[in-house]
Amino acid sequence: MVARLIDDEPARAHEHALAASRRAGRIAVVRETLAITAYATEDFALALRELRTYRRISGKDDQIALIVDSERGVGRPDRALEEGRGVDRAALTPDVRVALAIAMSGARLDRGETELALGELEIPELNPDRAFEWSPALFSAYAAVLEDLGRADESAFWNQRAEVATSALGLDGQFDEIFVEDGLVEDFDDDFEEPVDDAADDTADAADTASSDDNAERVASDDSVSDETEGEPER
């Protein structure tokens with residue numbers, strides 16, 4: 001429900017995340033989801049608390065960019081920079097590394113350090129000749145800081161590269177990229193299953209229970225069947 005509502009109704013999504021946390025507060029993904037909805041509703045203090053809990057439970061730094069940005073949200077850019085510097089960026093996946101660079105750049109801008117904000121974005125992933133799902137955001141952020149520095153021509157170039165990357169990523173119409181929306185990651189892969197007709201599903205289930213032996217008897221389903229058949233060899 002959070003995934004369905006987060007874009008259009010973040011407050012309702014947050015209510016679902018709170019309900020989940022009351023029932024399964026020791027599960028990492030639950031705390032992560034609550035942090036994301038808190039961030040979406042601009043409750044940055046709660047987002048920070050939940051993100052730290054998620055990191056403690058999971059042992060992962062994959063939401064470090066959201067931690068940095070939440071520190072910015074509560075007005076602590078210095079603390080945001082400390083958090084970002086406290087992780088091994090080489091150990092991060094490219095998409096997380098890019099998100100962290102953008103968040104760190106924002107923290108530099110909060111401190112009025114525009115040149116340093118530009119430097120935060122100059123990472124290996126800033127390659128105008130290659131496009132990945134995170135490239136448009138990185139290129140656009142770089143263009144924005146260049147514009148702040150009065151380097152209009154360079155800014156225009158990177159804005160143009162952002163547009164090209166956006167267009168290129170959408171050309172093939174395939175859902176084989178990773179889409180990141182407000183921190184929620186959705187993988188579109190071959191595991192997606194179309195809904196099936198209930199009647200057809202019941203028919204298939206009945207067929208599966210029939211023996212391949214022509215003389216096998218039908219077994220009525222009751223409470224004892226599962227106990228009796230649990231140890232049967234696969235037919």
Side-chain angles (χ1 to χ4, degrees), residues 17 28-151 154-155 158-159 161-162 165 178-185:
V29 70
V30 173
R31 306 306 286 266
E32 179 187 28
T33 301
L34 180 55
I36 290 166
T37 60
Y39 178 87
T41 57
E42 299 185 1
D43 188 344
F44 300 115
L46 177 58
L48 276 170
R49 188 189 77 189
E50 296 302 317
L51 286 165
R52 290 190 179 115
T53 302
Y54 163 71
R55 183 165 59 178
R56 185 174 66 252
I57 294 173
S58 68
K60 297 179 180 178
D61 283 319
D62 57 337
Q63 290 293 358
I64 183 60
L66 213 58
I67 291 176
V68 170
D69 225 30
S70 294
E71 289 286 5
R72 293 180 60 211
V74 296
R76 297 195 297 243
D78 293 348
R79 179 62 180 163
L81 292 170
E82 288 176 18
E83 288 281 2
R85 286 193 293 262
V87 300
D88 179 8
R89 298 196 191 190
L92 302 176
T93 59
D95 57 319
V96 175
R97 191 160 50 244
V98 167
L100 175 58
I102 293 172
M104 293 287 281
S105 179
R108 292 291 188 185
L109 290 174
D110 292 343
R111 288 162 48 100
E113 300 170 344
T114 312
E115 287 284 358
L116 292 177
L118 190 70
E120 294 285 357
L121 298 170
E122 292 173 339
I123 57 179
E125 288 76 16
L126 188 71
N127 183 342
D129 299 322
R130 302 187 69 189
F132 299 89
E133 73 275 5
W134 33 258
S135 297
L138 178 59
F139 296 169
S140 294
Y142 196 63
V145 179
L146 285 168
E147 185 174 357
D148 287 345
L149 288 169
R151 295 158 62 174
E154 293 173 82
S155 176
W158 284 100
N159 272 322
R161 297 313 297 170
I178 298 177
F179 294 84
V180 183
E181 297 179 354
D182 296 317
L184 293 179
V185 180

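Side chains are part of it too, since the values below use all heavy atoms of this structure and drop only hydrogens, waters and symmetry mates.
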TODO: Check Leu126 against Pro128 and note the closest heavy-atom contact, atom names and distance.
DONE: O-CD, 3.8 Å
Show which side-chain atoms of residues 73-80 pair as donor or acceptor with protein atoms under 3.5 Å away, not counting sequence neighbours.
from  : atom 1 : to     : atom 2 : distance (Å)
Arg76 : NE     : Glu71  : OE1    : 2.8
Arg76 : NH2    : Glu71  : OE1    : 2.9
Asp78 : OD1    : Arg111 : NH1    : 2.2
Arg79 : NH1    : Glu82  : OE1    : 3.2
Arg79 : NH2    : Glu83  : OE2    : 3.1

Open item on the list: Just verifying a value: how many Å separate Phe139 CZ and Asn127 CG, rounded to the nearest 0.5 Å?
Closed with: 6.5 Å
Task: Qualifying residue, where the test is side-chain contact (heavy atoms from CB on, under 4.5 Å) with Leu48 and the options are Leu66, Ile67, Asp69 - done: Ile67
Open item on the list: For the residue pair Tyr142 / Glu122, report whether a side-chain donor-acceptor contact shorter than 3.5 Å exists.
Closed with: yes
Open item on the list: Working to the nearest 0.5 angstrom, can you tell me the gap between Arg108 CZ and Asp110 CG?
Closed with: 11.0 Å
- [ ] Work out which heavy atom in Val145 is nearest to a heavy atom in Thr114; give both atom names and the distance.
- [x] CG1-O, 3.6 Å
Task: Closest heavy-atom pair and its distance - Ala101, Ile123 - done: CB-CD1, 3.8 Å
Open item on the list: So, taking the atom named CD1 in Ile102 and the one named CD in Glu120, what distance separates them when rounded to the nearest 0.5 Å?
Closed with: 11.5 Å
Task: Donor-acceptor under 3.5 Å (Arg97 side chain, Leu92 main chain) - done: yes
Task: Over all atoms of both residues, closest heavy-atom pair of Asn159 and Ala143 - done: OD1-CB, 3.4 Å
Task: Side chains of Ile36 and Gln63 in contact at under 4.5 Å (non-hydrogen atoms) - done: yes
Open item on the list: What I want to find out is whether Arg89 reaches Glu125 closely enough, with some N-O distance under 4.0 Å, to be called a salt bridge.
Closed with: no
Task: Smallest separation among heavy atoms of Ala28 and Tyr54, with atom names - done: O-CD1, 3.2 Å
Open item on the list: Within this structure, what is the CD-OG1 distance for the pair Glu32 and Thr53, rounded to the nearest 0.5 Å?
Closed with: 12.0 Å
Task: Derivation and outcome, side chain to side chain contact (heavy atoms under 4.5 Å, CB included), residues Leu34 and Val30 - done: CA-CA 6 Å; Leu34 180 55; Val30 173; 5.7 Å; no
Open item on the list: Just by distance, no angles: are the side chains of Asp43 and Thr41 close enough, under 3.5 Å, to form a donor-acceptor pair?
Closed with: no
Open item on the list: With a sphere of 6.0 Å drawn around CZ of Arg130, does it hold more than 12 non-hydrogen atoms of other residues, nucleotides or ligands?
Closed with: no
Task: Residue list, salt bridge (charged side-chain N to carboxylate O under 4.0 Å, His left out) with Asp62, at least two apart or on another chain - done: none
Open item on the list: Within the supplied structure, the quantity of interest is the number of heavy atoms (other residues, nucleotides, ligands) at a distance under 6.0 Å from Glu154 CD; does it exceed 12?
Closed with: yes
Task: Any donor-acceptor pair under 3.5 Å from Thr33 side chain to Val29 backbone - done: yes
TODO: Could you grab the distance from atom OG1 of Thr93 to atom CG of Leu100, nearest 0.5 Å is fine?
DONE: 10.5 Å
Task: Spatial distance of atom OG (Ser70) from atom CZ (Arg52) [nearest 0.5 Å] - done: 9.0 Å
- [ ] Test Met104 against Arg85 for side chain to side chain contact (heavy atoms under 4.5 Å, CB included), laying out the working first.
- [x] CA-CA 9 Å; Met104 293 287 281; Arg85 286 193 293 262; 4.1 Å; yes
Task: Closest contact, heavy atoms only, Val68 versus Ala103 - done: CG1-CB, 3.7 Å
